[in-house]
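Notes follow the structure.
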Amino acid sequence: QVHLVESGGGLVQAGGSLRLSCAASGRAVSSYLMGWFRQAPGKEREFVGAVGWSGARVNYADSLEGRFTISRDNAKNTVDLQMNSLKPEDTAVYYCAARFSGREQLSPEPSDYKYWGQGTQVTVSS
């Protein structure tokens with residue numbers, strides 16, 4: 001089992017940057033595949049990106065156009081989401097998630113992730 005806590009959300013102007021962090025605790029955290037998702041009011045939860053066991057493999061949603069970067073530090077048990085060139089449409093609650101799999105499959109499906117953080121609000125003003 002793994003416990004996830006996100007931090008770093010806030011209010012930022014369009015064009016600005018934010019860095020979210022997900023702190024993980026529990027057994028064998030480095031064995032979990034990690035993902036970031038977001039959910040805007042009235043919308044379904046949306047895939048942002050996922051990272052493999054070592055951090056070498058990363059997958060992003062095409063819609064992000066290369067503005068976001070995920071990094072992982074297994075020594076600190078953290079997974080960060082660097083968000084640049086933010087747009088008002090990036091406004092959402094951002095969630096960190098974890099899944100255990102024998103294969104390093106970076107799934108974009110929320111239903112594939114068993115553990116979730118409480119979320120952190122990101123608001124981008126125009």
Side-chain angles (χ1 to χ4, degrees):
Q1 187 170 354
V2 63
H3 182 63
L4 306 172
V5 178
E6 302 95 336
S7 61
L11 174 65
V12 64
Q13 288 188 336
S17 298
L18 273 179
R19 188 177 185 89
L20 306 183
S21 187
C22 173
S25 60
R27 294 179 56 188
V29 172
S30 61
S31 65
Y32 286 85
L33 303 170
M34 305 296 292
W36 281 97
F37 293 80
R38 66 185 183 184
Q39 189 166 19
K43 295 188 176 182
E44 293 185 353
R45 194 160 294 190
E46 177 187 24
F47 175 71
V48 173
V51 61
W53 296 312
S54 69
R57 290 191 60 208
V58 191
N59 184 31
Y60 299 99
D62 292 338
S63 61
L64 297 177
E65 302 171 321
R67 298 181 294 118
F68 292 9
T69 303
I70 294 175
S71 59
R72 178 171 189 162
D73 187 337
N74 285 333
K76 298 180 180 179
N77 285 343
T78 57
V79 179
D80 290 351
L81 177 64
Q82 177 67 43
M83 305 185 294
N84 299 326
S85 303
L86 283 163
K87 305 175 180 180
E89 50 264 41
D90 293 319
T91 295
V93 177
Y94 283 72
Y95 297 91
C96 176
R99 65 186 293 257
F100 185 83
S101 174
R103 299 175 60 186
E104 196 172 37
Q105 182 182 16
L106 305 184
S107 174
E109 297 298 330
S111 59
D112 285 339
Y113 292 79
K114 183 175 182 179
Y115 303 103
W116 291 83
Q118 83 288 350
T120 185
Q121 176 70 48
V122 172
T123 302
V124 184
S125 63
S126 58

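On a predicted model such as this, the values are computed, not experimentally measured, just so you know. This chain uses plain numbering: 1 for the first residue, then up along the sequence.
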Review point. Just checking, any donor-acceptor pair under 3.5 angstrom between side chains of Y113 and R99?
Key: no
Practice item. Step by step, work out the side chain to side chain donor-acceptor pair (under 3.5 Å) result for T78 and D73. Key: CA-CA 5 Å; T78 57; D73 187 337; 4.9 Å; no
Check your understanding: Does one hydrophobic cluster hold both V58 and Y94, with members joined at side-chain heavy-atom distances below 4.5 Å?
Key -> yes
Check your understanding: Hey, are the side chains of D90 and M83 touching, using non-hydrogen atoms and a 4.5 Å cut-off?
Key -> no
**Study point:** Test item: L81 and V79 side chains (from C-beta on) under 4.5 Å apart, heavy atoms
**Key:** no
Exercise for review: Could you tell me whether the side chain of L86 reaches within less than 4.5 Å of the side chain of L18, counting heavy atoms only?
Suggested key: yes
Check your understanding: For the residue pair S85 and S17, what are the closest heavy atoms and their distance?
Key -> N-OG, 4.3 Å
Check your understanding: Can you find a heavy atom in the side chain of V122 that is under 4.5 Å from one in the side chain of L20?
Key -> yes
Revision key, fill the gap. Rounded to the nearest 0.5 Å, the CG atom of N77 sits from the OG atom of S25 at a distance of 8.0 Å
Practice item. Go through I70 and Y60 one step at a time and tell me if the side-chain contact (heavy atoms from CB on, under 4.5 Å) criterion holds. Key: CA-CA 9 Å; I70 294 175; Y60 299 99; 3.8 Å; yes
Check your understanding: Are the side chains of L64 and V48 in touch, meaning some heavy atoms are under 4.5 Å apart?
Key -> yes
Check your understanding: How are the rings of F37 and W116 set relative to one another: parallel (under 30°), tilted (30 to 60°) or perpendicular (over 60°)?
Key -> tilted
Review point. Any donor-acceptor pair under 3.5 Å linking the side chain of E104 with the backbone of W53?
Key: yes
Practice item. Taking all heavy atoms of S21 and all of D80, pick out the closest pair and write down the distance. Key: OG-OD1, 2.8 Å
Practice item. Verify the cluster assignment for V51 and V29: are they in a single hydrophobic cluster under the rule of side-chain heavy atoms below 4.5 Å apart? Key: yes
Exercise for review: State whether the number of non-hydrogen atoms from other residues, nucleotides or ligands found under 6.0 Å of K87 atom NZ is greater than 12.
Suggested key: yes
Review point. Between N59 and R57, do the side chains contain an N or O donor and an N or O acceptor separated by less than 3.5 Å?
Key: no
Check your understanding: Relative to Y95, does R45 satisfy both conditions: NZ or CZ under 6.0 angstrom from the six-membered ring centre, and within 45 degrees of the ring's axis?
Key -> yes
Check your understanding: What's the verdict on side-chain contact (heavy atoms from CB on, under 4.5 Å) for Q82 and S71, showing C-alpha distance, side-chain angles and the deciding distance?
Key -> CA-CA 8 Å; Q82 177 67 43; S71 59; over 6 Å; no
**Study point:** P110 vs E46 side-chain heavy atoms within contact, under 4.5 Å
**Key:** no
Exercise for review: Look at atom CD of Q118 and say whether more than 12 heavy atoms of other residues, nucleotides or ligands are closer to it than 6.0 Å.
Suggested key: yes
Exercise for review: Determine, step by step, whether W36 and C96 satisfy the side-chain contact (heavy atoms from CB on, under 4.5 Å) criterion, reporting the C-alpha distance in whole Å, the side-chain angles of both residues, the deciding distance to 0.1 Å, and the verdict.
Suggested key: CA-CA 5 Å; W36 281 97; C96 176; 4.2 Å; yes
Check your understanding: Q121 and T91: side-chain contact (heavy atoms from CB on, under 4.5 Å), yes or no, with the steps?
Key -> CA-CA 8 Å; Q121 176 70 48; T91 295; 4.0 Å; yes
Check your understanding: If you measure only the distance, is there a donor-acceptor pair under 3.5 Å linking the side chains of S107 and D112?
Key -> yes
Study note, to complete from the structure: Between G119 and E6 the two heavy atoms that sit nearest each other are N-OE1, 2.9 Å
Study note, to complete from the structure: For R38 and A92 the tightest heavy-atom approach is CB-CB, 3.9 Å
**Study point:** Residue pair R27 / Q1, side-chain heavy-atom distance below 4.5 Å
**Key:** no
Point to revise | Heavy-atom check, side chain of V5 versus side chain of H3, under 4.5 Å | key: yes
Practice item. Could you tell me whether F100 and Y115 have their ring centroids closer than 6.0 angstrom? Key: no
Review point. Is M34 reachable from V2 through a run of hydrophobic residues whose side-chain heavy atoms are each under 4.5 Å from the next?
Key: yes
Review point. If every non-hydrogen atom of L33 is compared with every non-hydrogen atom of S101, which pair is closest and at what distance?
Key: CD1-CB, 3.9 Å
